[in-house]
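Have a look at the structure below before the remarks.
A quick note: this is a predicted structure, and the numbers were derived from the prediction, not measured. Numbers restart at 1 for each chain; the letters A, B, ... are given by sequence-line order, proteins then strands. Hydrogens, waters and symmetry mates are skipped; everything else that's a heavy atom, side chains included, is used.
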Protein chains: 2
Amino acid sequence: MREKLEKYYSFVFEKELIDEIVQVGVYKKLRENEILVDLGDKMKGIPLLLEGAIKIVREDKNGEEILLYFLERGDTCASSFASAISNGKCGIRASAEKESEIIFLPKEKLDEWMLKYKSWRTFVIESYNIRLNEMMETIDSLAFMNMSERLYKYLTDKAQIMRETSLNTTHQDIAYDMHTSRVVISRLLKQLENEGKIKLHRNKIEILEF
Amino acid sequence: MREKLEKYYSFVFEKELIDEIVQVGVYKKLRENEILVDLGDKMKGIPLLLEGAIKIVREDKNGEEILLYFLERGDTCASSFASAISNGKCGIRASAEKESEIIFLPKEKLDEWMLKYKSWRTFVIESYNIRLNEMMETIDSLAFMNMSERLYKYLTDKAQIMRETSLNTTHQDIAYDMHTSRVVISRLLKQLENEGKIKLHRNKIEILEF
DNA sequence: ATTATTTTGTGATTTAGATCACTTAATTTA
DNA sequence: TAAATTAAGTGATCTAAATCACAAAATAAT
């Protein structure tokens, strides 16, 4: 734990803060598709992502969902932070897109560290900013882009996060994330393949052009 | 200034913090439609809203825009905070939806107060949370609602923020905010009128049902 | 190997919303 | 008061995406 923490966070946190995190943080390994936070959960702390990729989705009353963004190593879940601090409920679901490793930080420390460590304050504010910007990007795609553009962005974004040039996914899964139908995705994917941007396989999409 | 500050913020901030705000804050009155923050601006501080209503919109490269949310008294602009702290650019435009009063807080104090005042920390985190939640609501509308539902939500939300049951606006203005066309808005408004939810006038929409 | 299941492909149809083109009504300006 | 401008109404057409209804592969289960 300390090793990875230092690898990804030593340029973010002071040494003393890293020491504290090692002391109070709870290491957890998430298997693929494991749910980390569910709708309406009250958070007892926040996760610090060491390795892997976490998908954050929003769900409406009819159980339909839409992808908000992905988290990767170095990220934390701003929504959890919010929920942890204010004892409120979390309006999102977070699930591991692949095997991931996190450190769970107890909420008692969150405010304490705000006083003690400048790097923690910066990290928290930075995290919120990144998240706000991600949300704006999501709004941009929904408001200004057509399905084909959104789809291509989804594929390249996800590939980036997963650190792979191929995605192991089905058309139906993409449709869920983008809140549309499988038929639409299948047709647009075929179109992107004809344009030479991707190559389709069963359960797998190769991205040829970024 | 002190008077309004105490009226709306005395339950939020400690007395000492209010004193400091009075000392370093710059009071500003915004006339209707005045632009407070524009796309790409670097913020030298953040606005604290005393009175009025501020509209926050996002614009894409083609100059098309979409409403993100409104701010009302007691709110601050989280995007500005982000931008001010990190010296980055602001990805939004903020304009006064009606005559408003703000206090401009210099960015030098933002981090200093994080150390000194628990209430300031809470306020900053709370503001971010509120904004994240607003953004999620915006995403919900875009992803899950049809135009008619979005329109009705827009009207009732805006009326709430403006503290009026009638809105002085044109169909075209609504169309800009919702990133659609005037024709679509006109037809849906007529429909809502037929359903008895609103009453249409020239340059004015009465909301009959909330 | 045969059957069942999952994933993908594809035609046909429908629909919300976009776009075009123009009219009518209200308000402002000259 | 007449002309110009701005706001709103409305028919016609178009299109992206949704929906329905299957067929055809690929893979997994028996």
Side-chain H-bond candidate by donor/acceptor type, A:R182 with A:S186, under 3.5 Å
yes
Starting at the 5' end of DNA chain D and moving along, which residue's nearest nucleotide shows up first, A:R182 or B:H171?
B:H171
Whole-Å gap separating C1' (C:dT19) and CD (B:Q172):
13 Å
Tell me which nucleotide among C:dG9, C:dT7, C:dA21 gets nearest to the side chain of A:L200.
C:dG9
Distance-only side-chain donor-acceptor flag, A:E137 / A:Y69, under 3.5 Å:
no
Tell me: CD1 of A:I174 to P of C:dT6, nearest whole Å?
19 Å
Just how far, in rounded Å, is C1' of C:dA26 from CG of B:N168?
16 Å
Can you say whether the rings of A:F13 and A:F123 are parallel (under 30°), tilted (30 to 60°) or perpendicular (over 60°)?
perpendicular
How are the rings of A:F70 and A:Y154 set relative to one another: parallel (under 30°), tilted (30 to 60°) or perpendicular (over 60°)?
tilted
For the side chain of B:R202 and the base of C:dT27, is some donor closer than 3.5 Å to an acceptor across the two?
no
When you list every nucleotide of DNA chain D with an atom under 4.0 Å from a heavy atom of chain A, which one comes first 5' to 3', and which comes last?
D:dA17 to D:dT27
With a non-hydrogen cut-off below 4.0 angstrom, is B:T180 in contact with a base, only sugar-phosphate, or nothing?
sugar-phosphate
Without decimals, in angstroms, what is the distance between B:E149 CD and C:dA16 C1'?
12 Å
Distance check needed: C:dG17 C1' versus B:H179 NE2, whole Å only.
13 Å
Report the distance from atom CG of B:L142 to atom C1' of C:dG17, rounded to the nearest whole Å.
14 Å
Taking C-beta and beyond as the side chain, do B:Y27 and B:L50 meet within less than 4.5 Å on heavy atoms?
yes
Just the rounded figure in Å: distance from C1' of C:dT19 to CE of B:M147.
14 Å
What nucleic acid atoms does B:S181 come within less than 4.0 Å of, heavy atoms only: base, sugar-phosphate, or nothing?
base
Could you check whether B:K98 and B:N33, counting side-chain N and O atoms only, form a donor-acceptor pair closer than 3.5 Å?
no
C:dT7 C1' sits how many Å from A:Y176 OH, rounded?
13 Å
Mind telling me whether A:W120 and A:F81 have parallel, tilted or perpendicular rings, with 30° and 60° as the class edges?
tilted
Of the listed nucleotides (C:dT8, C:dG11, C:dA18), which one gets closest to any side-chain atom of A:R187?
C:dG11
